[in-house]
Student: 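Pasting in a structure now, in structure tokens, and then I'll have a few things to ask.
In what follows, every heavy atom counts, from backbone to side chain, and hydrogens, waters and symmetry copies are set aside. Each chain gets a letter, A, B and so on, in the order the sequences are listed, and its residues count up from 1.
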Amino acid sequence: MFAAETAAHGAAAAPWILENAWLVFVIPAISWLIIILFGKRFGEKCSWIGIAALATCSALSCWAAYEWTQQVEHHHGTPVVNRLFTWWQSNGFDFGFGIQIDGLAVMMMFVVTLISLLVHVYSTEYLKGDVRYTHYFASLSLFTASMLLLVTADNTLQLLVGWELVGLCSFMLIGHWWEEKANTNAALKAFLTTRTGDVGLLIGVIITPFIVYEATGGKHFSFSILEVNSSALSGGVGHALLLACASCLLLGIIGKSGQFPLHTWLPDAMAGPTPVSALIHAATMVVAGVYLGARLYGVFWEGFSINAGGMNLMAIVGAITIIIGAALAFVQRDIKKVLAYSTISQLGYMVMGLGVGAWLGAIFHLFTHAFFKANLFLGAGSVSHSGAHHSFDMKADMGGLRKYMPKTFWTFIIGTLALTGFPLLAGFWSKDEIIAGAGQGGFQLFAWVGLIGALMTAIYMGRCVYLTFFGEYRGHHHPHESNNTLTIPLIILSVFSVGIGFINAAPLGIHWFKEWIEPHGAEAAHFPVEEITHIEFHYSEAALAIAVAALGYFIAWAWNWKKWGPHGITQRNALARSGYVFLERKYFLDDLYTGVVVGFIKGPLARASYWVNRYVIDGVANGLGSGTAKLGDAVYRGIDRSVVDGAVNGLAEATGEVGGVLRVVQSGRVQRYALILVGGVVVIGVALVLAN
Amino acid sequence: MIAQHVVFWILAVGMAIAAIKVVTTNNVVHAALYLVAVLAGVAAQFLLLVAEFVAWVQVLIYIGTVVVLFLFGIMLTRAPMRGDENQSNSQRIGSAVVALLLLGLLGVLIVKAFPSGQEIVLDESLLAYSETGALATTFLRDYLIPFEVLGVLLTAALIGAVTIARRD
Amino acid sequence: MALNLFLMLGAFLFCTGAYGVLARKSGVLILMSIELMLNAVTINLVAFSAFTHAVTGLVFALFVIAIAAAEVGVGLAIVLIIYRNSRTPNFDQLDQLRG
């Protein structure tokens, strides 16, 4: 109905690229197919197929982005929906396969294709000589295709398909070096943990057409995202249904986006190759949950009553995630794990942003985070590849690398500054928009949580930078700078990290991001346009954020460079020691999940199920069987033997008896026969005579 | 007429008693002797009917041959000659009934078929039919073939009896 | 002489003979009874011959007598051999054809 409205505005049909944006996921899918089928023949050149495909898609995404900006300017930013084909229709209910292109989709397309392209280029060097080179690139292409399918979906079922596919690709890529058991365990953990969340997602997706059903008074049943949102916001749907749907979808977000309590898979997922971590577990896949929240925001807005302010589940989950992620980043030795926990924490920001009504802030943070987190991850990869001889242990193999790897060092610094919210860099604009949005929306507590999180971010990143690049080199190898294939993507990403924030720099009067992405106008019935928090830039809030960041830098510098403060306290003080162990053991959550939950399922639950199976189910089945056998036996004895056989045998016996009786006549004595003969004749004669 | 009746009745009663005795006595030899009596009575009846040749042939053959054969048979089969064993078998009552019924039946039939008006006139005209010469002529002229067959039959019977009773 | 007197006599002898055939144990006695029956037949024949003044009856009677003699001979041979095989002259013990 929305594309029709586009036409009704008297303008020409939607631009070609927006109507046919499905190309951006079909091209990587074709690339996957080609690499899978013919990649071995190309050897190491197969990566060119992937790179070519993604370069094309990047170009298409840029074009689509441009066309979208035109759409916003001239056609009020109405989303372009194109139903490609109908999969099923019956009796007023139909769903199919289609695309919905609006600001959010275009932004995600741009991010995914660009970062995927850079990761492809980076991987050609990083995985040179790898045993499964072709499979890796095939999986990368498939992942990109799946992610793009997810972001361009126009109905929740298609979104679910894309969601599951990216989960599959994540599993494949984490376990890329499956010869080590730890890697397969990590892949399984990732898959199973997200699967746990996907239960909620599935239920939520099933509920979505019922929302439309109830809102339209029982006439219409649809999975379409726009219709679901409009129905949710129309006020005609019971609150309980919306709350249930939002809660179930939130469970899916918790699983996929690494929120507390299902965040445990993300650090373990670092077992995969670093470019994979950059692409999937920093920039794109993990944000799929946030994207879902943004896409179905109408449901969440009404379901969690975000308008009313105060506590809601989404914001709470996000807030908790911010703090626990940041806390755990302090005790890591592995540089990738630091970045993983940082990702968890930043995802917490995004989810909290959605929960407090700072929709634009959350999306903007998603956008900027993709660039600087990918930058940081690729930087870590570069450090490991060339500096620490494929190790990621900061304390053991790194240190003082800034002398040897200047490009990597400077790009990493830029990424760190962007992450921690250094003024004017990307993270500053986006993260602080969330914090400001929380404050302005009436969620004061969450604003403070955001500020505390920012403080912690600065401190742990400072520690990380210090351990990696400063001090003396602790490794035993020969560190050198990485070659251009690795460093050029880093530089590109750094440039983005610096500059990308400016597209929504409010004090400079630039509101491009907001204009392009946030739905507005009266036609946006699918978005709570009026009620949403329209975040304003206040210099006081900005100053507070800068001050917090500065405090963080100071503490980091003081602890690491100046060695002020109680170093070694965790060895001396039992309380500090226990706190350290608590963090080191990741709040014992892994023990809880593996030991208690899984152990319960594997142990008592499995045993109970087996008992039920053996005694109840088998008992019933066996009972039926033996009962039937007994019945058959009774029938056999009672009826078959007694009645049927009795009749048959009785008949035979009777015949025998009669024969026995009649046999007496056959005495064998001739005189008897003669008597009978004569007697018979006489009788006949008498009868004849008497008759006459 | 009366004399013939008297003779007939005397002979008939005697024959009847003898016949009953034949079939009821326990002494086998006595049975044979009673049979002689019956046979003789039959011969006498033949004489009464002016069939002399047949009468004497009857005496000759039956009494002279058949009874002797019976006596031989009695001796050869070690039949109990003392007469202490009961010679009637288990179905004598049934047989008696049947025999009486048969007698009744035959009696009725005879009386119906040949009412008392039909008589055998015993006078001179009766002499001619049974004349031995005429009998012989009839025998050897009209019934020659049966006569010869009878001879063959007797031969066969002789041979048959010898063969059957041969001890080998 | 009424014809039916002779016929009645014949019938009486015949029935007596029939009784004897059915009711006597020993084979020889049975044969004797058969002789009685044959004699009854002979009487009938001669009576009828006298009644019709035809000699045919006499001829037939002679035949009967001759055949009776032959038959007694063969019959006694059979009785003999039965006695030889079964050790008993009584016919009511011969029930090997018993069903």
Side-chain angles (χ1 to χ4, degrees), chain B residues 4 8 12 16 19-20 22-23 28 31 35 38-39 42 45-46 49 51 54 57-58 61-62 65-66 69-70 73-74 76-77 79 87-89 91-92 95-96 99 102-103 106-107 110-111 114 116 118-120 122 125-126 129-130 134-135 138-139 143 146 150 153-154 157 160-161 164-165, chain C residues 1-9 11-20 22-29 31-33 35-36 39 42-43 46-47 49-51 53-56 58-59 61-63 65-74 76-81 83-84 89 91-92:
Chain B
Q4 291 147 347
F8 171 81
I20 288 173
V22 165
V23 295
V28 187
L35 186 66
V38 171
L39 294 171
V42 169
Q45 294 284 8
F46 286 166
L49 288 171
V54 181
V57 165
Q58 164 93 353
I61 303 295
Y62 263 118
T65 320
V66 170
L69 276 176
F70 275 131
I74 287 166
L76 285 171
T77 62
Q87 290 296 330
S88 293
N89 66 14
Q91 60 185 25
R92 56 181 176 274
S95 309
L102 187 60
L103 181 62
L106 287 171
I110 289 167
V111 167
F114 303 99
S116 45
Q118 304 195 302
E119 296 210 346
I120 303 174
L122 299 171
S125 60
L126 208 56
Y129 88 102
S130 65
L135 184 61
T138 313
F139 226 115
Y143 299 102
L150 186 63
L153 175 72
L154 287 169
I164 289 170
Chain C
M1 296 270 359
L3 172 65
N4 49 16
L5 281 177
F6 285 97
L7 298 181
M8 286 301 297
L9 177 65
F12 182 84
L13 282 178
F14 186 83
C15 293
T16 312
Y19 170 78
L22 299 174
R24 291 306 242 164
K25 269 198 214 171
S26 173
V28 178
L29 291 168
L31 279 169
M32 283 186 205
S33 308
E35 288 311 307
L36 272 179
N39 274 290
T42 316
I43 287 182
V46 173
S49 179
F51 180 68
H53 295 275
V55 77
T56 318
L58 297 181
V59 170
L62 284 171
F63 273 120
I65 291 168
I67 290 168
E71 172 250 323
V72 164
V74 176
L76 274 174
I78 291 172
V79 170
L80 215 67
I81 203 148
Y83 171 73
R84 223 185 272 158
F91 273 25
D92 59 353

Student: Out of Leu7(C), Leu76(C), Leu58(C), Val74(C), which one racks up the most heavy-atom pairs below 4.5 Å with chain B?
Tutor: Leu58(C)
Student: Counting heavy-atom pairs closer than 4.5 Å to chain C, which one of Leu153(B), Leu69(B), Val111(B), Leu106(B) comes out on top?
Tutor: Leu69(B)
Student: Looking only at non-hydrogen atoms, find the nearest pair between Leu80(C) and Ala165(B) and report the distance.
Tutor: CD2-CB, 4.1 Å
Student: Tell me, for Ile20(B) versus chain C, whether the close heavy atoms (under 4.5 Å) come from the side chain, the backbone, both or neither.
Tutor: both
Student: Which one, Leu62(C), Leu13(C), Val72(C), leads in non-hydrogen pairs under 4.5 Å with chain B?
Tutor: Leu62(C)
Student: Given a strict heavy-atom distance threshold of 4.5 Å, which part of Leu31(C) is in contact with chain B: side chain, backbone, both, or neither?
Tutor: both
Student: Which residue out of Val38(B), Leu39(B), Ile74(B), Leu135(B) racks up the most heavy-atom pairs below 4.5 Å with chain C?
Tutor: Leu135(B)
Student: Given the options Ala12(B), Gly107(B), Ser88(B), Ala157(B), which has more heavy-atom pairs under 4.5 Å with chain C than any of the others?
Tutor: Ser88(B)
Student: Does any backbone or side-chain atom of Ser33(C) lie under 4.5 Å from a heavy atom of chain B? Answer side chain, backbone, both or neither.
Tutor: side chain
Student: In Å and rounded to the nearest 0.5 Å, what is the CZ to CE distance from Phe70(B) to Met32(C)?
Tutor: 5.5 Å
Student: Tell me which of these, Ala51(B), Ala134(B), Ala96(B), has more heavy-atom pairs under 4.5 Å with chain C than the rest.
Tutor: Ala96(B)
Student: Does Leu150(B) reach the side chain of Phe63(C), with side-chain heavy atoms less than 4.5 Å apart?
Tutor: yes
Student: Heavy-atom cut-off 4.5 Å, strictly under: side chain, backbone, both or neither for Thr65(B) against chain C?
Tutor: neither
Student: Using modelled atom types only, decide if a donor and an acceptor are shared between the side chain of Asn4(C) and the backbone of Phe114(B) within a distance under 3.5 Å.
Tutor: yes
Student: Hey, are the side chains of Thr138(B) and Thr56(C) touching, using non-hydrogen atoms and a 4.5 Å cut-off?
Tutor: no
Student: Mind ranking Cys15(C), Gly20(C), Ala2(C) by heavy-atom pairs under 4.5 Å with chain B and telling me who comes out on top?
Tutor: Cys15(C)
Student: Does the side chain of Phe14(C) reach to within under 4.5 Å of the side chain of Leu103(B), using non-hydrogen atoms?
Tutor: no
Student: Rounded to the nearest 0.5 Å, what's the gap from CG on Leu9(C) to CD1 on Ile110(B)? Could you check?
Tutor: 10.0 Å
Student: Between Ile43(C) and chain B, with a heavy-atom cut-off of 4.5 Å, which part of the residue counts as in contact: side chain, backbone, both or neither?
Tutor: both
Student: Taking all atoms of both residues into account, what is the closest heavy-atom pair of Ala161(B) and Ala77(C), and its distance?
Tutor: O-CB, 3.5 Å
Student: Run the side-chain contact (heavy atoms from CB on, under 4.5 Å) check on Gln58(B) and Asn39(C) step by step: do they pass?
Tutor: CA-CA 9 Å; Gln58(B) 164 93 353; Asn39(C) 274 290; 2.8 Å; yes
Student: Could you check which of Thr16(C), Ile81(C), Thr42(C) has the highest count of heavy-atom pairs closer than 4.5 Å to chain B?
Tutor: Thr16(C)
Student: Under a 4.5 Å heavy-atom cutoff, which of Gly27(C), Ala68(C), Ser49(C) has the most pairs with chain B?
Tutor: Ser49(C)
Student: Please report the closest heavy-atom contact between Arg24(C) and Asn89(B), naming both atoms and the distance.
Tutor: O-ND2, 3.8 Å
Student: With chain B as the partner, which of Tyr19(C), Phe91(C), Phe51(C) has the greatest number of non-hydrogen pairs under 4.5 Å?
Tutor: Tyr19(C)
Student: Minimum heavy-atom separation for Ala69(C) to Val66(B), with atom names?
Tutor: CA-CG2, 4.0 Å
